[in-house]
Each structure stands twice: as C-alpha cells, then as structure tokens.
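Structure record follows, encoded as structure tokens.
In this chain, residues are counted from 1 in sequence order.
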Amino acid sequence: MTSALLSPHRPGPADTPRPDALDRAASRVAGAAFCARLDPAVLDFARRRLAAHFGTSEELVDALIADRLLRLAARLGADLAL
C-alpha cells in the first residue's frame, strides 16, 4: 500500500471527480483479492490498469482498493461476531 492511506488529507469528491465505474471496479478488484490468493503482480497490474483507464493516480486507486478490502474485512468480522 502507498502513503495515500497514511495521509491526513483523504482525496474526496471535491478533489477528484470519480466515476461510479471506478468505485465498482475497485470493489471488484478488492473482492477478488479478498476471496482468492492473487499474486501481487496481478494486483499491481489491476491497479495500474484502472488508473490508466480512468485517468487518475495509482495512489488513489490503491487507496480505493485498500478501503474496500478494509470494509470487506470489517463486514466479515461483524458477521462472524454474531
């Protein structure tokens, strides 16, 4: 993961307009990474490809994927706690 996750300033809608398609694509990559043992090279390729396709920074895509992974882990933890 990159330093974008540690930055006190989080990129948001005011900074970078993000299409819903980018959010959905990041969620799909995170879901695949969460459910399977993907090679880090595959994740790196997906991150770079999404950034190029949507014309955004790799750091933003990395942060989106990390956010989705954390949400999936939190949801799983909550489900298991029941």
Verify same cluster id: L38, L72 (apolar side-chain graph, 4.5 Å): yes
hydrophobic_cluster_shared for F45 and V29, side chain cutoff 4.5 Å: no
Residue pair [X] / [Y]: nearest heavy atoms and the distance that separates them:
X: A30; Y: L69; answer: O-CD2, 3.4 Å
X: A25; Y: L50; answer: CB-CD2, 3.5 Å
X: F54; Y: P19; answer: CD2-CG, 3.7 Å

Qualifying residues under side-chain contact (heavy atoms from CB on, under 4.5 Å), relative to D79, sequence neighbours excluded: R75
Heavy atoms from other residues, nucleotides or ligands near CZ of R48 exceed 12 (cutoff 6.0 Å): yes
Full working for side chain to side chain contact (heavy atoms under 4.5 Å, CB included) between L76 and L80: CA-CA 6 Å; L76 178 62; L80 292 175; 4.0 Å; yes
Of all pairs that satisfy side chain to side chain donor-acceptor pair (under 3.5 Å), the ones with a partner from residues 25-39, not counting sequence neighbours: S27-R68
Just how far is it from atom [atom1] of [X] to atom [atom2] of [Y], taken to the nearest 0.5 Å?
X: D44; Y: D62; atom1: CG; atom2: CG; answer: 9.0 Å
X: F34; Y: L70; atom1: CZ; atom2: CG; answer: 10.0 Å
X: T56; Y: L64; atom1: OG1; atom2: CG; answer: 7.5 Å

